[in-house]
Undergrad: 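Sharing a structure here in structure tokens format.
All values below were derived from every heavy atom in this structure, side-chain atoms included, with hydrogens, water molecules and symmetry-related copies excluded. Order of the sequence lines sets the chain letters (A, B, ...), proteins ahead of strands, with each chain counted from 1.
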Number of protein chains: 2
Amino acid sequence: MFSQAALVSDLGTSPHLPSPRIDNDGAFTVHSFFASCPGLLGTAFSYAKDEEIYGDDEPAEYVYEVMSGAVRTCKLLDDGRRQIGAFLLPGNIFGLEAGPNHRLTADAVIDTTVRIVRRRSLETAAQNDIRVANALWAMTARDLRHAEDHMLLLGRKTASERVATFLLEMDRRLTVAGLIDLPMCRRDIADYLGLTLETVSRVLSQFRTEGMLGLSGARHITLRNRQRLRSMNI
Amino acid sequence: MFSQAALVSDLGTSPHLPSPRIDNDGAFTVHSFFASCPGLLGTAFSYAKDEEIYGDDEPAEYVYEVMSGAVRTCKLLDDGRRQIGAFLLPGNIFGLEAGPNHRLTADAVIDTTVRIVRRRSLETAAQNDIRVANALWAMTARDLRHAEDHMLLLGRKTASERVATFLLEMDRRLTVAGLIDLPMCRRDIADYLGLTLETVSRVLSQFRTEGMLGLSGARHITLRNRQRLRSMNI
DNA sequence: CGGGAGATTGAACGGACTCAAAGTCGGTGG
DNA sequence: CCACCGACTTTGAGTCCGTTCAATCTCCCG
């Protein structure tokens, strides 16, 4: 399936390569970074819901940008326990490694289209253009910042605080017209927050009861009291 | 106290800059990276036990290498809850940021000596020598890998599994002559593992009872059954 | 409209926490 | 060198938050 990847050109330095635009939420987004790199424009691939994009420990040959859909990166224990490290949404880049192999699996939360670029193309560009090297470093640093924040959540926050943090993160990243349209199910949220799906459901119900949000179908959420949520977010 | 820092030279490219040596445990160590960068050799500073080295959100002006002692990086909630992101031991580098500010506080676990280098010196070197840029990226990537592993621990492992993982990490990083000489107290371990100090103490006692380790004083640990610990580490 | 995956809710359980007390050890001063 | 002090650690008992197990419900999609 990666055979089309050979079509990706391996062009090196580009004279007027823009810096990646970093959006205000400090998430993983570097909107259309690939698109703005002449000669690095990638091939599109589609993945069905729950299809694996790459596996843990596989050689990291490609870097991905979500075009539509959603992706989760996870670590698995062999008894089935799962920790989701991040959700990647349209515009977000993932799969970038400094070492040879991937250290998490990535799979599609829902039907998803990604654009891929050979990792070697980026590295070649980075060797010739310090701005590309800086951009790669900045992306890894952004992932690290998210991971550091998430360690605090997983190690020290209560269930309600975790869900409040999650809601505010999703509000930042995918609210359109006042509505959060979640791509992921309760189990995904739970595995992201280090909880069980029942606890996530209970906390959301409690928040609804308290007037902090509206639920129209499990995946459509309207925040009604961001101030209160922020006070739980700490 | 940072006035001496002005002594650090701001030299740019060095013709034969070595790649940082990455030790086999994949931890944060880049042994004597600074020392091996002509012109980047840093000034030494000492910090007393529990003294802050830098604070959350402070401008990230310097990069640090632990010469002796131990450092913890932490995030704090205003009610006192604390999550330790990492312990830094001799040879480890910390305080490197891609953005303008620190995102965690760093303080000395015990009396500690560090060597500091101006962040600007490293960045100038990186602009002129792609190998330096690669080294900076690799360091951030190593921190990210650790954070990803730690998210799995914090989100999904049991207390016994967390302590087993901790013991094996410390075994890798500071065992000398078969003995782990811990620089940190039970509270630090607990805040690293997302547990309470009582739980850490209970699990260690249980491991001792089961013959998996020996305790001679709370901070001297001898592992007696690494195989069994590894099986709990998952 | 009907089927079924996903979500909600309930009840009981349990692992880690909290609160409390006793024990240990390293460091300091006599 | 030894005794003491105080910080740190260990251990105990009871509690609680989040989990587990189970049943019902919702709503999305055919």
Undergrad: Could you go through A/Arg186 and A/Glu198, starting from their C-alpha distance and side-chain angles, then the distance that decides it, and tell me whether this counts as salt bridge (Lys or Arg N to Asp or Glu O under 4.0 Å)?
TA: CA-CA 8 Å; A/Arg186 294 291 185 264; A/Glu198 293 93 335; over 6 Å; no
Undergrad: Would you mind reading off the distance between A/Arg202 atom CZ and D/dT19 atom C1', rounded to a whole angstrom?
TA: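 Distance, rounded to whole Å: 8 Å.
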Undergrad: Tell me, which of residues 174-191 of chain A have any heavy atom that sits under 4.0 Å from an atom in DNA chain C?
TA: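 Hits under 4.0 Å, by residue number: A/Cys185, A/Arg186.
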Undergrad: Would you please confirm or rule out a distance under 4.0 Å between OP1 or OP2 of D/dT26 and any side-chain N or O of A/Arg219?
TA: no
Undergrad: Over how many whole Å does the gap from A/His220 atom NE2 to C/dG6 atom P extend?
TA: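 It is 16 Å, rounded to the nearest whole Å.
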Undergrad: Please classify the nucleic acid contact of B/Leu195 as base, sugar-phosphate, or nothing, using heavy-atom distances under 4.0 Å.
TA: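 Sugar-phosphate contact only - B/Leu195 comes under 4.0 Å of backbone atoms but never of a base.
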Undergrad: On DNA chain C, does the nearest nucleotide to B/Val200 precede the nearest nucleotide to A/Glu198 from the 5' side, or the other way round? Give the residue.
TA: A/Glu198
Undergrad: With a non-hydrogen cut-off below 4.0 angstrom, is A/Arg162 in contact with a base, only sugar-phosphate, or nothing?
TA: nothing
Undergrad: Using a 3.5 Å distance criterion without hydrogens, assess whether the side chain of A/Lys157 forms a donor-acceptor pair with backbone atoms of A/Val163.
TA: no
Undergrad: Would you check if the distance from the ring center of A/Tyr54 to the ring center of A/Tyr64 is below 6.0 Å?
TA: yes
Undergrad: Check whether the side chains of B/Thr140 and A/Thr140 place a donor and an acceptor atom closer than 3.5 Å, and report yes or no.
TA: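 Looking only at side-chain atoms, A/Thr140 and B/Thr140 do not form any donor-acceptor pair under 3.5 Å.
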Undergrad: Within the 4.0 Å heavy-atom criterion, would you say A/Thr199 contacts the bases, only the backbone, or no part of the nucleic acid?
TA: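 Base contact.
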Undergrad: Between A/Asp188 and A/Ala190 (side chain of the first, backbone of the second, donor and acceptor by atom type, cut-off under 3.5 Å), is there such a pair?
TA: no
Undergrad: Judged by atom type as modelled, is there a donor-acceptor pair below 3.5 Å linking the side chain of A/Arg81 to the main-chain atoms of B/Leu152?
TA: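 Looks like no, no N/O pair under 3.5 Å.
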Undergrad: In whole angstrom, give the distance that lies between atom CG of B/Leu215 and atom P of D/dT10.
TA: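 It is 7 Å, rounded to the nearest whole Å.
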Undergrad: With distance as the sole test, does B/Thr165 use its side chain to make a donor-acceptor pair with the main-chain N or O of B/Glu161 at under 3.5 Å?
TA: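 Side chain of B/Thr165 to backbone of B/Glu161, a donor-acceptor pair under 3.5 Å: yes, one is there.
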Undergrad: Between A/Leu197 (CG) and C/dA5 (P), how many Å, whole number?
TA: 15 Å
Undergrad: For residues 103-111 of chain A, tabulate all N or O donor-acceptor pairs below 3.5 Å that involve a side-chain atom, not counting sequence neighbours.
TA:
unit_1	atom_1	unit_2	atom_2	d
A/Arg103	NE	B/Glu148	OE1	3.0
A/Arg103	NH1	A/Glu97	OE1	2.4
A/Arg103	NH2	B/Glu148	OE1	2.6
A/Arg103	NH2	B/Glu148	OE2	3.2
A/Thr105	OG1	A/Cys74	O	3.2
A/Asp107	OD1	A/Arg72	NE	2.8
A/Asp111	OD1	A/Lys49	N	2.8

Undergrad: Is any side-chain N or O of B/Thr196 closer than 4.0 Å to OP1 or OP2 of C/dA16?
TA: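 So the side chain of B/Thr196 is outside the cut-off, no N or O lying under 4.0 Å from OP1 or OP2 of C/dA16.
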Undergrad: Between C/dT9 and A/Ser205, is there an OP1 or OP2 to side-chain N/O distance shorter than 4.0 Å?
TA: yes
Undergrad: Could you tell me the separation between the CZ atom of A/Arg81 and the P atom of C/dG15, rounded to a whole number of Å?
TA: 13 Å
Undergrad: Is it true that a side-chain atom of A/Ser205 and a backbone atom of A/Ser201 form a donor plus acceptor pair closer than 3.5 Å?
TA: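 Side chain of A/Ser205 to backbone of A/Ser201: a pair is present.
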Undergrad: For the helix from C/dC1-D/dG30 to C/dG30-D/dC1, what angle separates the axis at the start from the axis at the finish, each from five pairs, in steps of 10°?
TA: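 About 40°, once rounded to a multiple of 10°.
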Undergrad: When you measure from the side chain of B/Glu51 to the backbone of B/Ala48, do you find a donor-acceptor pair of N or O atoms at a distance under 3.5 Å?
TA: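 Yes, because the side chain of B/Glu51 sits within donor-acceptor range (under 3.5 Å) of the backbone of B/Ala48.
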Undergrad: Can you tell me the distance, in whole Å, between the CD atom of A/Gln206 and the P atom of D/dG18?
TA: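 Atom CD in A/Gln206 sits about 10 Å away from atom P in D/dG18.
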Undergrad: Return no unless some side-chain N or O of A/Arg156 is found under 4.0 Å from OP1 or OP2 of C/dA16.
TA: no
Undergrad: Between C1' on C/dA16 and CD on B/Glu161, what's the gap in Å once rounded to a whole number?
TA: 14 Å
Undergrad: Which whole-number value in Å describes the distance from A/Lys49 NZ to D/dC28 P?
TA: 14 Å
